[in-house]
Amino acid sequence: MANGHPLTNVQQRDINAVLHPYTPLHKLAETGPLVMGHGKGVYLYDTQGKEYIEGMSGLWCAGLGFGDEEMIEAANEQMRTLPYYHLFGGKGMEPATELAEKLKEIAPVPISKVFYTSSGSEANDTQVKLAWYYNNALGRPEKKKIISRVKAYHGVTVMAASLTGLPGNHKGWDLPVDRVLHTDCPHYYRFGQEGESEAEFVARLAKSLKDMIEREGPETIAAFIAEPVMGAGGVIVPPAGYFAAIEPILREHDILIIADEVINGFGRTGNWWGSQSVGMTPTTISAAKQLTAAYAPLGAVLVPEDIYQAYVDHSAQLGTFGHGFTYGGHPVGCALGVKAIEIYQRRNIVEYVRGLTPTFEARLAKIKDHPLVGEVRSCGLVGAVEMVADKNTKRPFDPAHGVGSNLAKFLEGHGAILRALGDTIAFCPPMVITGDELNELFNRFELALADTEAYVSKNGLRAQ
């Protein structure tokens, strides 16, 4: 039964055949999946014809919404011309070259070369391999550890999931693997100490990072990886001065700074890159998601010239550069990446996001006074509402109550989709959303918030 109704044929077929990611599998047979039929703009329609505002851009990625005719035509044209080829063995394709040129042009720091993957997880996995390869090239075989952060999200391959700092990605999976360290999460609301200012919080985190490096030995640490604004960990915007405080420590010890721009990149935060929004100066960059506006899978790693030359030298010693993916640089994906960046530039998506940001911030600020809400936070058009059992003490709900997941279900009933990250609700609407559509998304969220308050009160969920 789904919402009191028998499962549809397509729901039952799905249950019989599909293994769903990030899903409570023990409940799916009872509830059934929400099966989507088609989409247009910021709207999705399920197979029963119900309309939803897609407030998460799918998985932080459908920045141009659904059904963009320019993107569809770019894919069709490339499929007619060259539907597939690869970059192995020195082969090349015009779309891969053109996209690399565009990425170099808009990158926030000087970039020499672009390496293609199929996803953000593969991009971050590749970042680790490249850091190891680089240090081997420089004759530093012990400099291999990677520092990530608590509550970070960097993907789900074995290494990327190890970099991820969320318990749900480690429990049951025998992760994290060796060579991965996790330093503090820069979430002042949740981890700031009583009486501690934001500046003091930043100083404490910088000292903690420095102490970790000295304890582990800087000669053993290859890189530090960070999302400028943390995504699946709860849309955590670092305090002012955070990257300015930690980057000198990293550079002092010749530790690469990897920016995971998979969610942040291509206008989402009100700049081309999240790094620019939070004062981060990376060495290398991972990109994916809005790189193609989600019209095809594609990821990329952007590297500077000095690091590339180390790869060249090591390749000469070993005989080849032994890394790559069958679909890395897929011509259709690259053609869509070229078209997406062209659209972002022509439609001035960065300024458009900046224009919508005051409305986004104002609607979040209105929600902040609700008795369920502990904190709201945002950067550009990505934000979050963190629900708590007690506003004064910041005490969270017992995770077993599933307050966030229940709100997400109530929201579906009101015709909108957002993502529950525990009891934090994430917002990441398509960047083409209009002001009226954005307000309607929040109107529907407020109805779901009222439903959730009634649910919490009725069941006494605030009790400790």
Does anything in residues 264-284 form a side chain to side chain donor-acceptor pair (under 3.5 Å)? List the pairs, not counting sequence neighbours. S57-R268, Q127-T284, E261-S275, R268-Q290, T269-S277, N271-S277, N271-R354
Quick test of your reading of the model: are [X] and [Y] salt-bridged, counting only N-O distances below 4.0 Å?
X: E142; Y: K144; answer: no
X: D184; Y: R190; answer: no
X: E216; Y: K145; answer: yes
X: R80; Y: E73; answer: yes

Drop me the distance from [X]'s [atom1] to [Y]'s [atom2], to the nearest 0.5 angstrom.
X: L336; Y: D68; atom1: CG; atom2: CG; answer: 10.0 Å
X: D125; Y: T157; atom1: CG; atom2: OG1; answer: 3.5 Å
X: N439; Y: R444; atom1: CG; atom2: CZ; answer: 12.0 Å
X: L166; Y: L421; atom1: CG; atom2: CG; answer: 8.5 Å
X: L82; Y: E77; atom1: CG; atom2: CD; answer: 12.0 Å
X: L291; Y: S119; atom1: CG; atom2: OG; answer: 11.5 Å

Pairwise salt bridge (Lys or Arg N to Asp or Glu O under 4.0 Å) hits with a residue in residues 149-173, at least two apart: none
Provide the full list of salt bridge (Lys or Arg N to Asp or Glu O under 4.0 Å) pairs with a residue in residues 326-341, sequence neighbours left out, each pair given once. K339-E342
Would you indicate whether the side-chain heavy atoms of [Y] and [X] approach each other to under 4.5 Å?
X: D423; Y: L407; answer: no
X: V303; Y: Y311; answer: yes
X: I147; Y: I225; answer: no
X: T164; Y: S148; answer: no
X: Y344; Y: F266; answer: yes
X: I343; Y: I349; answer: no
X: M36; Y: T47; answer: no

Distance flag, aromatic centroids of H38 and F66, threshold under 6.0 Å: no
Centre-to-centre under 6.0 Å for H20 and Y22, is that the case here? no
For L441 and P429, which heavy atoms make the closest approach, and how far apart are they? CD2-CB, 4.4 Å
Smallest separation among heavy atoms of C379 and V237, with atom names: CB-CG2, 4.0 Å
For atom [atom1] of [X], decide whether the heavy atoms of other residues, nucleotides or ligands shown that lie under 6.0 angstrom number more than 12.
X: E70; atom1: CD; answer: yes
X: D174; atom1: CG; answer: no
X: Y327; atom1: OH; answer: no

Is it true that [Y] and [X] share a donor-acceptor pair across their side chains at a distance under 3.5 Å?
X: N16; Y: Q12; value: yes
X: H314; Y: Q309; value: no
X: D260; Y: S286; value: no

Report the C-alpha distance between H330 and Y85 in whole Å, list the side-chain angles of each, state the deciding distance to 0.1 Å, and finish with yes or no for ring-ring contact (aromatic ring centres under 6.0 Å, His included). CA-CA 7 Å; H330 192 290; Y85 208 60; over 10 Å; no
Below 3.5 Å, can you tabulate the donor-acceptor pairs from side chains in residues 412-420 to any protein atom, sequence neighbours excluded?
| from | atom 1 | to | atom 2 | distance (Å) |
| --- | --- | --- | --- | --- |
| H414 | NE2 | D451 | OD2 | 2.6 |

Side-chain polar contacts of residues 91-114 - donor-acceptor pairs under 3.5 angstrom, sequence neighbours left out - could you list them?
| from | atom 1 | to | atom 2 | distance (Å) |
| --- | --- | --- | --- | --- |
| T97 | OG1 | M93 | O | 3.2 |
| K104 | NZ | S112 | O | 3.3 |
| S112 | OG | E305 | OE1 | 2.5 |

Which word best sums up how the rings of Y84 and H86 line up, parallel for under 30°, tilted for 30 to 60°, or perpendicular for over 60°? tilted
Contacts of K50 meeting salt bridge (Lys or Arg N to Asp or Glu O under 4.0 Å) (sequence neighbours excluded), chain-then-number -> none
Taking the six-membered ring of W132, is the NZ or CZ of R140 close enough (under 6.0 Å from the centre) and on axis enough (within 45°)? no
